[in-house]
Enquirer: 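First the structure, then my questions, so here it is.
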Amino acid sequence: SFSVQLCFDLLESWLAKNPDAVSFKREEQSIFKELALFQDYHGLPAFKKALVDFMAEIRGNKVSFDTDHLVLTAGATSANETLMFCLAEKGDAILLPTPYYPGFDRDLKWRTGAEIVPIQCSSSNGFQITESALEAAYQEAQRKNLRVKGVLVTNPSNPLGTTMSRNELDLLVNFVTDKEIHLISDEIYSGTVFSSPAFVSIMEVLKDRKLENTQVWERVHVVYSLSKDLGLPGFRVGAIYSNDPIVVASATKMSSFGLVSSQTQYLLSAMLSDKKFTKEYISKNHKRLQKRQNKLVSGLEKAGISCLESNAGLFCWVDMRHLLSSNTFEAEMELWKRIVYDVKLNISPGSSCHCTEPGWFRVCFANMSEDTLKLAMQRLKSFVSSITIDNQTHQDLKNMRKKNRTKWVFRLSFQSFHDREQGER
Amino acid sequence: MSQMYLCFFFQLSFDLPESWLAKNADAAGFKRDGQSIFKELALFQDYHGLPAFKKALVDFMAEIRGNKVTFDPNHIVLTAGATSANETLMFCLAEQGDAFLLPTPYYPGFDRDLKWRTGVEIVPIQCTSSNRFQITAPDLEEAYQQAQRKNLRVKGVLVTNPSNPLGTTMRRDELDLLINFITDKEIHLISDEIYSGTVFSSPGFVSIMEVLKDRSLEQTPVWERVHIVYSLSKDLGLPGFRVGAIYSNDPIVVAAATKMSSFGLVSSQTQYLLSAMLSDKKFTKEYMAKNHKRLQKQQSKLVSGLEKAGISCLESNAGLFCWVDMRHLLSSNTFEAEMELWKRIVYDVKLNISPGSSCHCSEPGWFRVCFANISEDTLKLAMQRLKSFVDSVAINNQSHQELKNSRKKFRTKWVFRLSFQSFHDREQDER
């Protein structure tokens, strides 16, 4: 499974030094009863304070957040769905740049009835969002008789692993202002920016452009979570931040359907309030991510594979177009299966992320040990070399492998991937 | 004043979990057999749930039912509280244009949990004091017809057993009636058994599963149309931990609900702690026994306190509240008079009670009064104030009217509006 495991030693040593945070004690007094009974959908004040401070720290304290505008939810999965319920309904559409996280198809559309219309991005410009792509998506939605309610971006991007440029952010602000629609910025990976350019939050752009008292201010919403930055997906900690008090009020009530365990809120309020810890954690996490990303990039290079230059996230966006037997998504699926089974590398095919060009794959670097990565890269190199053997031998190898794998193994893996394995994001 | 607005909190038995925690520090400290499993838990986000916790939970549910039924962990779906479980079941079983039938009076939160985001409608099964608010065949049929008249497709019936706000367990003949009804109409039955562990006196709790089993209905179509909702918020007094569950005999419902639970999973930290706690059968046995005794004692104090004030209530054997009859204190047999009386009790008696109208009761004058959320002393004082209040109501109407006017001068309108509004905005501690 996709697991973030680079900095658990830091978390565990903090826990060892702070036993009260798990034993329901505050200054050595038991607060078990207080926590067991605490189900207020406004959230534990101390936790919200620690969380907004952490979010500000991640943004270099260039912006600050108000706890009254923060809504806690059971993970970003819940946050994104809740925002959809607040902002859109059947007949409405939200525009998303491709490639995007496959889980959005379920999180944003399933129970809400809203539609997603893609903003088609391409490799020609590093998959950045352009004005014409935005406009084309808007028109496409209109042709489908859908009311566009907003744009949702993931910044830093999943699966690209890049931070959005200030230009792109300005473009988005202009677009949502002009169309009078919303902008949701899913910043779940904001704490994983390990090299330049530094992370620029949408809030920073609004502030720099002095848009705080204009209408667009209340139409920008941020989604956050501790699943990626702190590697705690099991604890189900997500948040919606909105400048619109009506959205905050509505989302707060809806959070009843997915509140964060008070036990967990308390532990994390203690952990995130420890600024010495958060500073050290963020810094070490960045270093380790950078180191690991470098190893993936150089391993890929040795196999003759390039990837999109990235500075964030837990994965790289890898270009395997030259390994396709044809420039089709069928060939992409073929290649995917072979990499999963022969190279034993769990990667995501671009088609699952709605990428318009076949041959791109998301490869995670943070979910395995250095040794495992090294071995995987060696196998990948061998695999790539074997592909360049002439076509006939290639076909022979393929047939042989097919005999040795029962069909159900392929079907199971393919199906479970498309059933949105929870480790997908 | 602030005392009135204290959350509805369940404070009878915290000493037991607290002493358990003191003896079992590993469970909260992310350790198993002395080894740290922090990483494993931090990464565990599988919507199938922590196997050890699901096992401990189904065993606990069986224990509550006197082990007359057993539950399969593969049929249980964990959710962030019963609030999430009920909404999720609605998403699975119904949509806009559909209705679920609910016996009145019912928990006010259902209006939001079952209807808000799902688009589903609730049609009430009107129960009355004439037969102690029990469900009858004509009531069920009438509700079904009412739904049809409104052009709604009836998808099922949802009952809370033991009942909130009645505080009573459903009788076997009511349960039989329900099964016959849903079998005949080919619809679903959801049994919200969130209070199943609070049955403190006879008759004992009879679960819907027990009735299905006794009638040998396991291999029939109705078996897969019965679903149970559970939670640890009331039985264990842990509402803050957000632990709920859906139990269904229909694998398709289990599969759909499992995927939907992504929107409200239980924290792995909490699953682990509770898997350890609930696996300790010595603890669960002791806890249930003591909890029942304390509930019974506190309920008796409320009932006798009410009696002394000349107020009767529905005979109850479960839950954390009584269903109290104050019809004789109404100035008129109207819901306006009920609201009047409610405000006076909240402000003058300082007792936080729920008016029957908020529970969709068809008869004015009934109120839900909680006994588990206050200490014995506080309850005693409240009962004394209540007696004085009732005596003062018996003073002639003229003096009564004078008193009412003078109180109004001393309370700013916003205070009334705030209390009334916040109650109807479904304070989270309402259930």
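Note that the coordinates shown come from a computational prediction; the quantities given were computed from them, not determined experimentally. First the proteins, then the strands, lettered A, B, ... as listed; each starts at 1.
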Enquirer: Do R117(B) and T82(A) come within less than 4.5 Å of each other through their side chains, counting heavy atoms only?
Expert: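 Heavy-atom side-chain distance check passes, below 4.5 Å.
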Enquirer: At a 4.5 Å cut-off on heavy atoms, which part of F85(A) comes close to chain B: side chain, backbone, both, or neither?
Expert: side chain
Enquirer: How long is the gap from CD on Q39(A) to OG1 on T83(B), to the nearest 0.5 Å?
Expert: 7.5 Å
Enquirer: Check this for me: Q96(B), atom CD, are more than 12 non-hydrogen atoms of other residues, nucleotides or ligands nearer than 6.0 Å?
Expert: no
Enquirer: What part of L50(B) gets closer than 4.5 Å to chain A, counting heavy atoms only: side chain, backbone, both or neither?
Expert: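 When you check distances to chain A, no heavy atom of L50(B) falls under 4.5 Å.
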Enquirer: Would you say K109(A) has more than 12 foreign heavy atoms packed within less than 6.0 Å of its NZ?
Expert: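 Yes, enclosed.
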Enquirer: Rounded at 0.5 Å granularity, tell me how far CG in L15(A) sits from OG in S36(B).
Expert: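 So the gap between those two atoms works out to 7.5 Å.
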Enquirer: Once rounded to the nearest 0.5 Å, what's the spacing between atom CZ of R106(A) and atom CE of M260(B)?
Expert: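 Rounded to the nearest 0.5 Å, the CZ-CE separation comes out at 9.0 Å.
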Enquirer: Using a cut-off of under 4.5 Å for heavy-atom pairs, which of G244(B), A25(B), S84(B) has the most such pairs with chain A?
Expert: S84(B)
Enquirer: Do the non-hydrogen side-chain atoms of Q269(B) and L267(A) ever get within less than 4.5 Å of each other?
Expert: yes
Enquirer: How close do G29(B) and V22(A) get, heavy atom to heavy atom, and via which atoms?
Expert: CA-CG2, 3.9 Å
Enquirer: Mind running side-chain hydrogen bond (donor to acceptor under 3.5 Å, both in side chains) on S267(B) and S261(A) for me, showing each step along the way?
Expert: CA-CA 6 Å; S267(B) 168; S261(A) 168; 4.9 Å; no
Enquirer: For residues F263(B) and D107(A), determine if any side-chain heavy atom of one lies less than 4.5 Å from a side-chain heavy atom of the other.
Expert: yes
Enquirer: Is there side-chain contact between F24(A) and E18(B), with heavy atoms separated by less than 4.5 Å?
Expert: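 Sidechains of E18(B) and F24(A): no contact.
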Enquirer: Go through the atoms of V237(A) and report whether side chain, backbone, both or neither lie under 4.5 Å from a heavy atom of chain B.
Expert: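 When you check distances to chain B, no heavy atom of V237(A) falls under 4.5 Å.
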Enquirer: Taking side chain as everything from C-beta outward and backbone as N, CA, C, O, which of these in L232(A) sits under 4.5 Å from a heavy atom of chain B? Side chain, backbone, both or neither.
Expert: both
Enquirer: Kindly indicate whether the side chain of L43(B), heavy atoms from C-beta on, has any atom under 4.5 Å from the side chain of F8(A).
Expert: yes
Enquirer: Are the side chains of T264(A) and F241(B) in touch, meaning some heavy atoms are under 4.5 Å apart?
Expert: no
Enquirer: Does the side chain of W116(B) reach to within under 4.5 Å of the side chain of K253(A), using non-hydrogen atoms?
Expert: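 Yes, close enough: below the 4.5 Å cut-off.
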Enquirer: What option among G258(A), S262(A), A36(A) has the most heavy-atom pairs under 4.5 Å with chain B?
Expert: A36(A)
Enquirer: Mind checking the OG-CD spacing from S256(A) to E87(B)? Nearest 0.5 Å is all I need.
Expert: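 Here the interatomic distance stands at 9.5 Å.
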